Amino acid sequence: MSASVELDNLTVRFGSFTAVSRATLDIAGGEFFSFLGPSGCGKTTILRAVSGFLDPTEGAVRIGGQDMSGISPNRRPTALIFQNLALFPLMTVAENIAYGLRVRGVGKAERRRKADELLELIALAGQGDKLVSELSGGQKQRVAIARALAVQPKVLLLDEPLSALDLKLRQHMRAELRAIQRQVGITFIYITHDQGEALTMSDRIAVMSDGVIEQVGDGKSVYDSPATPFVASFVGENNAFPGRVVSADARMAVIETAFGRLAGRNPSRLTAGDRAILFVRPEAMVPTAGAPEATLASEVVSVAFEGNLTHLYLRGSGKKEISLSIGRTAGFAMPAQGATTPASYAPEAGLVLPEGALARE
Amino acid sequence: MSSRFVVLLIPLAVIAIFWLMARREAATRGPGHRGYFDRNGALLGTVFIALVGFWTVFLVVLPYLYMVVESFHPRLIPSKRGGPEDVLTIAQYRSFFVEPSSGNWNTIHLWAFIYTIGVSVVVAAFNFAICYPIAYYMAQSGTRQRVRVLMLLLVVPYWVNEILRAFALRLLLASKGLINQMLMGAGITDGPIDFLGANVGLYVGLSYAYLLIMVFPLYNAIESLDRNQIEAARDLGAPWWKIHRDVVIPYAKPGIASGCTMVFMLSAGSLAAPQFLGGPRTLWFTSIVYDFFFQSFNWPRGAAYAFILLVACIAFVLLMLRVFKVSLGETIR
Ligand SMILES: Nc1ncnc2c1ncn2[C@@H]1O[C@H](COP(=O)(O)OP(=O)(O)O)[C@@H](O)[C@H]1O
Ligand SMILES: [Mg+2]
């Protein structure tokens, strides 16, 4: 059984500091929903407000349509997986998993049966009598998931659960988490600062910056049509060319940048004179000349061969270099380091957004 | 050969053992390792060994040993010491159980012994009940500023002399003391309640004397518990008392054992509180020992009684650690 989660104008302040500001969104029952943002942007705070460890300063949290204000964490239909897992070190694996059942007064035999069932689900069958300290990082991770699932929550809250694992395991666990979510069918709210995790696992993503939700959408729309310069620069690599709009219509805009006039889509309906930033993804650029208002020229700073892709770094106007990622089958002749090369893109691949803060590198 | 001669041989034996240990260290370590005498030089090395040996032997081992020996001797006037009547005997230990003059059970002393142990157990348990919430608050839920104030409030009263504190408590609890006056003034009782005669003063005094000794081990143990574990238990549906039962107390068990052990030991061996706060008919075991030494000058019997108390307390503590599955090493972590 799953439940929807609604944040209604959720605001959390610590003293005069606003950690989460007017967050409003609906998460559907059974959805895999991620909050993505840099560390310190308020993700954990939102999760703690949903799980009940923290009271909203303003606004409300509703789960399954029911207002949660005044309902303590042990009475909410949620289960939280902590950033550091917080397994009980003095209990065995099975005791950990069955703890939620134990406090509900479930009998010993039934607890054991349920624990074995969950151990099966997380591929740790027969390891129930081990101590938590005898498990590997990935196994502990799965035990934490099983412990949370044992109480049959309608919503599972996961706070950067993979951040302690090494890269290989992390990628494996992504698939596993997604599979578990499909199997149990409950709502997952997942927190991460890793865009790869958010993009691969989630049905939808909310991108956050400094306590504010910047954009909500599925992975493709967040990546292809970022709503703000922050989202454009935080989700995936992006080249940013700040400037001023010189001409614009409902579809396209041309802006004057340090590399001349460059064009891009104009979803925000900017008009001539507005300050703006043009974003072009590295994989959308090629090292040849194209349409005049989608071509620039610059010196090659370095070339990095990465097997399937070759990364070309050109001197930018600021500190940051312009990067191009070129597929090996595209058949371009690579310019040498130190040479000056043209670089172009399809004008529709450019995106002009109103000026705003970029993600910190 | 007098047993007292054996006692005098022991310092030499200990010094010899230290010296052998130093030599062994030099011999067993690898060639690159500089032995004890290489590091400190022959002269200084010998002086160190002599000093440590002296300290261990004369201040730690010998006094106890002397007392053990003493407890196995009959009580004699000085001129008869070392004479034919000065033999090894367990009469002093026997006298704890059986009255030497009448041959009946020594019920007075046996009862005082049981009473002392019993009250000490209760004091330790009571202290734990009071200190656990305080320690938990200080370690997990209090804001830093409040914890600092609380700590100060706990510590400052201990700057006052123990005897002064006992007498202050006596003044509070006496028949014409503040508490009785208030009770009578409020019309709750007609006559004064004999708190001191009923040993209320003793219990309160003992508990209060060792409050800090309980609070700090508990605080130390609970403080290192990851807050997320408490929240995880709560998130999984545990009400507060189950969180304490299943998560906090098992984690803090070594600290609890340490605090309870110390309070129990100190309470069983305490002198001031029973002396000044005990009721007139209350016989505390340590007071009996004290009287043997300083009233009747019966050192052998006093020593025997003291060792009976010591061994009984250690045995009791070890039994309790076994029952609660705590190892001795954990309690002194
Ligand atoms: N209890 C608290 N008191 C004061 N500030 C807090 C508290 N909890 C979090 N913060 C602040 O709120 C901001 C958001 O924190 P958090 O939600 O933990 O970020 P994230 O999980 O996205 O890294 C941070 O700047 C953090 O310092
Ligand atoms: Mg966080």
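Computed from a predicted model, the values in this text were never measured in an experiment. The basis for the numbers below is simple: all heavy atoms, side chains too, and nothing from hydrogens, waters or symmetry mates. First the proteins, then the strands, lettered A, B, ... as listed; each starts at 1.
Chosen from A/Leu101, A/Thr78, A/Leu80, A/Val103, the residue pairing most often with chain B at heavy-atom distances under 4.5 Å is A/Val103.
A/Phe53 contributes atom CZ, which lies 4.5 Å from atom CD of B/Glu231 (distance to the nearest 0.5 angstrom). The CG atom of B/Leu236 sits 11.5 Å away from atom CD1 of A/Ile97, with the distance rounded to the nearest 0.5 Å. Note that CZ of A/Arg102 and NZ of B/Lys242 are 8.5 Å apart. Values are rounded to the nearest 0.5 Å.
Each of A/Asp159, A/Leu87, A/Leu85, A/Asn84 was evaluated against B/Asn228; a single residue qualifies, A/Asn84, per the side chain to side chain contact (heavy atoms under 4.5 Å, CB included) test.
The local environment of NE2 in B/His244 is crowded, with over 12 non-hydrogen atoms from other residues, nucleotides or ligands closer than 6.0 Å. A/Glu134 CD: more than 12 foreign heavy atoms inside a 6.0 Å radius. The neighbour count for A/Glu120 CD, taken as heavy atoms of other residues, nucleotides or ligands under 6.0 Å away, does not exceed 12. More than 12 non-hydrogen atoms from other residues, nucleotides or ligands lie less than 6.0 angstrom from OH of B/Tyr158. Residue A/Gln152 places its CD atom among 12 or fewer non-hydrogen atoms of other residues, nucleotides or ligands, all under 6.0 Å distant. No more than 12 heavy atoms of other residues, nucleotides or ligands shown are found within 6.0 angstrom of NZ on A/Lys154.
Of the two parts of A/Phe82, only the side chain, counted from C-beta on, holds a non-hydrogen atom closer than 4.5 Å to a non-hydrogen atom of chain B. Proximity to chain A is limited to the side chain of B/Arg245, based on heavy atoms less than 4.5 angstrom apart. Only the side chain of A/Leu90 comes within contact range of chain B, with heavy atoms under 4.5 Å apart.
Across all non-hydrogen atoms, the minimal contact from A/Ala86 to B/Ala232 is O-CB, 4.0 Å. Between A/Arg104 and B/Gly237, the closest heavy-atom pair is NH1-CA, 4.1 Å. When all heavy atoms of B/Ala238 and A/Tyr99 are compared, the closest pair comes out as CB-OH, 3.8 Å.
No side-chain heavy atom of B/Pro250 sits under 4.5 Å from any side-chain heavy atom of A/Met91. Considering only heavy atoms from C-beta on, A/Ser72 comes within 4.5 Å of B/Arg234 through its side chain. Side-chain contact between B/Trp240 and A/Asn74 is absent, with no heavy atoms from C-beta onward closer than 4.5 Å.
Salt-bridge check for A/Arg76 with B/Asp235: failed, with every basic side-chain N at 4.0 Å or more from each acidic carboxylate O.
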